[in-house]
Amino acid sequence: MSIECGHVTAGSYMRELCLMFLADNWLWLVLPVAVCAVLAIWVDVRFAIVAMMVLFIVLPMVLALLYFYYGLSQEARWSIMDKSVTIGDAGITLEFTDERMKTHVIPRDNVRHIIEKDDVVMLMLDGKRYTCLMLPASVVNPDVAQRLRQLVTQTH
């Protein structure tokens with residue numbers, strides 16, 4: 001089954017990636033700010049400055065590291081390039097419209113699971129924690145979604 005896929009914008013790719021990261025790690029980001037806020041009330045007002053430093057300096061730096069680690073990965077490039085996707089028994093074949101990009105095959109056992117959102121379908125791949133291939137939800141009709149689910153369930 002082959003679909004002309006197009007691409008996901010870089011902004012939507014990073015938005016979904018940051019939302020996944022924040023959903024998994026929200027406690028570690030909120031806890032220092034909350035502790036500093038309590039300490040600012042009860043001990044010293046200067047802890048409010050520390051809380052603001054964590055919020056406005058540390059958090060953006062963490063998101064910048066997330067961008068450099070995942071946003072510049074090969075899978076991110078695959079997601080934002082124009083391509084056609086073929087789903088076969090061997091896996092998922094990505095054929096790019098840019099002649100500088102090679103055709104790439106993602107083996108079926110590399111796809112761990114599928115996350116369907118309103119505007120993207122994320123194929124979570126083996127490797128780093130948030131490694132995924134994103135396809136626009138507009139091109140993933142129910143037949144394609146069913147074929148992708150079969151590909152994942154046959155493997156795992």
Side-chain angles (χ1 to χ4, degrees), residues 3 5-83 85 87 91-92 94 96-98 100-102 104-142 144-146 148-149 151-153 155-156:
I3 54 173
C5 192
H7 68 282
V8 174
T9 64
S12 62
Y13 184 87
M14 284 310 298
R15 181 184 66 241
E16 294 299 330
L17 200 64
C18 287
L19 288 175
M20 279 193 305
F21 177 80
L22 292 174
D24 288 346
N25 299 299
W26 68 271
L27 180 65
W28 301 111
L29 300 171
V30 172
L31 189 63
V33 175
V35 168
C36 288
V38 169
L39 289 174
I41 293 171
W42 294 104
V43 177
D44 192 358
V45 177
R46 289 179 281 189
F47 281 106
I49 296 170
V50 174
M52 285 188 266
M53 289 171 60
V54 168
L55 187 64
F56 295 118
I57 296 173
V58 174
L59 180 61
M61 291 306 295
V62 167
L63 294 178
L65 287 173
L66 182 75
Y67 172 77
F68 283 113
Y69 194 66
Y70 291 103
L72 297 177
S73 68
Q74 182 174 335
E75 293 81 7
R77 188 175 65 223
W78 294 343
S79 295
I80 64 174
M81 299 283 295
D82 284 328
K83 64 192 157 298
V85 177
I87 304 167
I92 301 169
L94 305 173
F96 300 97
T97 57
D98 189 353
R100 294 175 291 174
M101 294 286 292
K102 296 179 184 176
H104 188 77
V105 177
I106 300 171
R108 60 190 273 176
D109 58 340
N110 280 8
V111 181
R112 287 185 286 158
H113 64 281
I114 301 169
I115 300 173
E116 297 182 39
K117 301 263 185 150
D118 291 337
D119 56 343
V120 295
V121 174
M122 300 184 313
L123 304 173
M124 301 307 292
L125 305 175
D126 284 339
K128 299 180 270 186
R129 186 172 185 176
Y130 302 107
T131 302
C132 62
L133 173 69
M134 290 189 194
L135 304 174
S138 60
V139 300
V140 180
N141 59 34
V144 173
Q146 180 64 25
L148 286 171
R149 280 189 220 100
L151 184 74
V152 172
T153 55
T155 303
H156 299 288

Task: Validation row: I115, V121 side chains within 4.5 angstrom (heavy atoms) - done: no
Task: F21 side chain reached by N25 side chain, heavy atoms, under 4.5 Å - done: yes
Open item on the list: One pair to check against side chain to side chain contact (heavy atoms under 4.5 Å, CB included): L59 and V33. What are the steps and the verdict?
Closed with: CA-CA 11 Å; L59 180 61; V33 175; over 6 Å; no
Open item on the list: Using the rule given for side chain to side chain contact (heavy atoms under 4.5 Å, CB included), can you reason through V111 versus L125, listing the C-alpha separation, both sets of side-chain angles and the distance that settles it, and then say yes or no?
Closed with: CA-CA 5 Å; V111 181; L125 305 175; 3.9 Å; yes
Open item on the list: So L133 and L94, do their side chains get closer than 4.5 Å, heavy atoms only?
Closed with: yes
Task: Shortest non-hydrogen separation from D126 to T131 and the atoms involved - done: O-CG2, 4.2 Å
Open item on the list: With a 4.5 Å cut-off on side-chain heavy atoms, are M101 and K83 touching?
Closed with: no
- [ ] Of all the heavy-atom pairs spanning A48 and A40, show the shortest one and how long it is.
- [x] N-CB, 3.4 Å
Open item on the list: Any non-hydrogen side-chain atom of C132 less than 4.5 Å from a side-chain atom of Y13?
Closed with: yes
TODO: State, with a plain yes or no, whether a side-chain heavy atom of V58 is found less than 4.5 Å away from one of M61.
DONE: no
Task: Nearest heavy atoms of G71 and A76, plus distance in Å - done: O-CB, 3.4 Å
Task: Short side-chain to backbone donor-acceptor contact, K117 and E16, under 3.5 Å - done: no
TODO: Evaluate the side-chain proximity of V38 to V35: yes if any heavy-atom separation is below 4.5 Å, no if none is.
DONE: no
Task: Derivation and outcome, side chain to side chain contact (heavy atoms under 4.5 Å, CB included), residues Y70 and R129 - done: CA-CA 9 Å; Y70 291 103; R129 186 172 185 176; 3.7 Å; yes
Task: Side chains of L135 and V120 in contact at under 4.5 Å (non-hydrogen atoms) - done: no
Open item on the list: Name the residue from D119, I80, T9, V8 that meets the side-chain contact (heavy atoms from CB on, under 4.5 Å) definition with M134.
Closed with: V8
